Amino acid sequence: MADKCGKVSHSGRNAHEAADQVNDKLPLKISAHDVDQYPEFVNLLTSLSQHITETGASRTLQKDFEQAEESLRHEKYAWFQFHILYLELQELLLEFDIKSQDVAPSSANAQYYQAIKESLTQAEIGDYLECNSSPENKATLLGLTKEGIQRRNPHKKHSKSLQQKLVPEVEDRLRRKCENLIDFYEPSTSIDTDKFAFAKASQLPTFLEADKLKLSEEQQQLKRDKNNRDKQFWQYYQTLMESLGILEELITKHRLQSHTEKDGITTEFLAARCDGMCLKIRTTELKILCDTYHSEAIQALKAIDFQLESALQDNQGELSRVSKALHTYEAVGSDFDKIVQEYTQLIGEVENKKWALSELKYSLEQHTH
C-alpha cells in the first residue's frame, strides 16, 4: 500500500513538472490532469517547443528577427548621432538669433553664425535631393547632386576654420547636457563627484541598459510568480473540488440514508397539514362570501346591474344615432362644410348684432333715466 501511494505521488510530481515545462516553453496553460489524460498530446507539445519560442514564433524566424533588430539598432544609433548634432546646431543658431534681438553681435560673430547657418542649409538641401525610394534609380530633384551643391557653398574654403571653432563649442554644449542628464539620473551634491560627472555621463547608456535588463528580469519574475500563483490556484481549486466530492459522498451515504425514514414521515405530516390548511382556507372563504352576499345585497346588486344595462343600451342607441348622423354629414361632401361655415358665420354675426342691440338698448335706458 505504501509503495502504491508512493508511486502515485511520484507520478503526480512528474505530471506537474511536465506541465510546468510545457507552460514555460509555450504560451499555454495546461494542468497535471491534462498531462495524465493526454500524454501523446503533451509529447507533441514538448517536441513542438524545440521549434518555436515562448511567444509562439518559429525559432528560425526569431533568429532572423533578432538579427534584423540588431542591424536596425546600429542604423538608429548612427542616425541619432547625426540627428543630435543637427538639433544642437539648430539650437545654437536659435540662441544666437534670440540674443541678437537684445544685444547687437559683433560683425565677426555675425559672419561666423551666418556661415554656419548657410552651411547647415546647404547640408539640409542635400537630404531632399533623392526623390525616389528605389536604390537603383539615380534620379534626383531637378537633376541636382550633393557634390554640385557643396561646390556652390561659398564657405567651403573656410570649412576647416569653422570646424575648429564650432566643434569645441558643440562638444562643450553636449558635455553640459550629459552632465545634466547624469545629475538627473543620479543626483549628487558632492564637489568631488561633480568632477567626474562627464565620466559618469559617458557610462549612462551602460547604466540605462543595466536598468532595462533589471526591469526585464523583474518582469519575467513577475510573470513566473503569476504563473505559479495561477498554478497554485488551480491546484487549490482541484483539491477543493475533490474535497467537496468526498464530502458529498459522505453526506449521501451516511447522513441522508439514516434520515430517509424520518424525512418520509415528516413529508407525510406536512402534506396532511397542508391539506388541512387548504380546507380551512376554503371554509373561511365560503364564510366570507356568505356574510358578504346576503339576500338584500344580492337584490341591490341585481338592481344596480339592471340600471347599468339600461344605461349601456341607451348609450349604445345614442352612439348609433350619432354615427348615422355623422355618416349622413360625410355623405353630403365638402359643400356641407361650406354651409356649416356660413351658418357658423351667420350665427356669429347674429350674436354680435344681438349684443350690439342690447348695448344700444341699455344706453338708451341710461340716457332716458
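These numbers come from a predicted model, not from an experiment.
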Can you establish whether the number of heavy atoms outside [X] located under 6.0 Å from its atom [atom1] is more than 12?
X: Lys63; atom1: NZ; result: no
X: Gln221; atom1: CD; result: yes
X: Glu218; atom1: CD; result: yes

Taking NZ, NE, NH1 and NH2 as the nitrogens, is one of them in [X] or [Y] under 4.0 Å from a carboxylate oxygen of the other?
X: Asp225; Y: Arg229; answer: no
X: Glu349; Y: Lys354; answer: no
X: Lys287; Y: Asp291; answer: no

### Task
Output, in order, the C-alpha distance, side-chain angles, deciding distance and verdict of side-chain contact (heavy atoms from CB on, under 4.5 Å) for Gln219 and Leu215.
CA-CA 6 Å; Gln219 288 176 345; Leu215 181 61; 4.1 Å; yes

Is the backbone of [Y] close enough, under 3.5 Å, to the side chain of [X] for a donor and an acceptor to pair up by distance?
X: Asn315; Y: Ala311; answer: yes
X: Ser71; Y: Gln67; answer: no
X: Ser243; Y: Thr239; answer: yes
X: Ser216; Y: Lys212; answer: no
X: Asp305; Y: Leu301; answer: no
X: Ser358; Y: Trp355; answer: yes

[atom2] on [Y] to [atom1] on [X], rounded to 0.5 Å:
X: Asp275; Y: Arg273; atom1: CG; atom2: CZ; answer: 12.5 Å
X: Glu169; Y: Leu89; atom1: CD; atom2: CG; answer: 9.5 Å
X: Met241; Y: Gln238; atom1: CE; atom2: CD; answer: 10.0 Å
X: Arg224; Y: Gln220; atom1: CZ; atom2: CD; answer: 6.5 Å
X: Glu209; Y: Leu213; atom1: CD; atom2: CG; answer: 7.5 Å
X: Leu270; Y: Ile265; atom1: CG; atom2: CD1; answer: 12.0 Å

### Query
Within a strict 4.5 Å, meaning less than it, do heavy atoms of the Glu91 and Lys177 side chains meet?
yes

### Message
What I'd like to find out is whether the side chain of Glu95 reaches to under 4.5 Å of the side chain of Arg173, using heavy atoms alone.
### Response
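Yes, their side chains come closer than 4.5 Å.
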
### Query
Residues two or more places apart in sequence or in another chain: which of them pass side chain to side chain donor-acceptor pair (under 3.5 Å) with Glu217?
none

### Query
Checking side-chain contact (heavy atoms from CB on, under 4.5 Å) against Leu72, which of Glu70, Lys76, His74 comes through?
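That would be Lys76; it is the only one of Glu70, Lys76, His74 passing the side-chain contact (heavy atoms from CB on, under 4.5 Å) with Leu72.
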
### Query
Does the pair Ile298 and Lys302 meet the rule for a side-chain contact (heavy atoms from CB on, under 4.5 Å), with working shown?
CA-CA 6 Å; Ile298 292 173; Lys302 288 182 178 179; 3.8 Å; yes

I'd like to know if [Y] and [X] are part of one continuous hydrophobic network [Ile/Leu/Val/Met/Phe/Trp/Tyr, side-chain heavy atoms within less than 4.5 Å].
X: Phe80; Y: Tyr77; value: no
X: Leu93; Y: Leu87; value: yes
X: Leu240; Y: Phe233; value: yes
X: Ile288; Y: Leu279; value: no

### Task
Classify the angle between the aromatic ring planes of Trp234 and Tyr237 as parallel (below 30°), tilted (30 to 60°) or perpendicular (above 60°).
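The arrangement is perpendicular - the two ring planes meet at more than 60°.
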
### Query
Strictly by modelled atom types, are Gln232 and Asn228 linked by a side-chain donor-acceptor pair under 3.5 Å?
no

### Task
Show the numbers, then the answer: is there a side-chain contact (heavy atoms from CB on, under 4.5 Å) between Leu308 and Leu312?
CA-CA 6 Å; Leu308 292 175; Leu312 179 61; over 6 Å; no

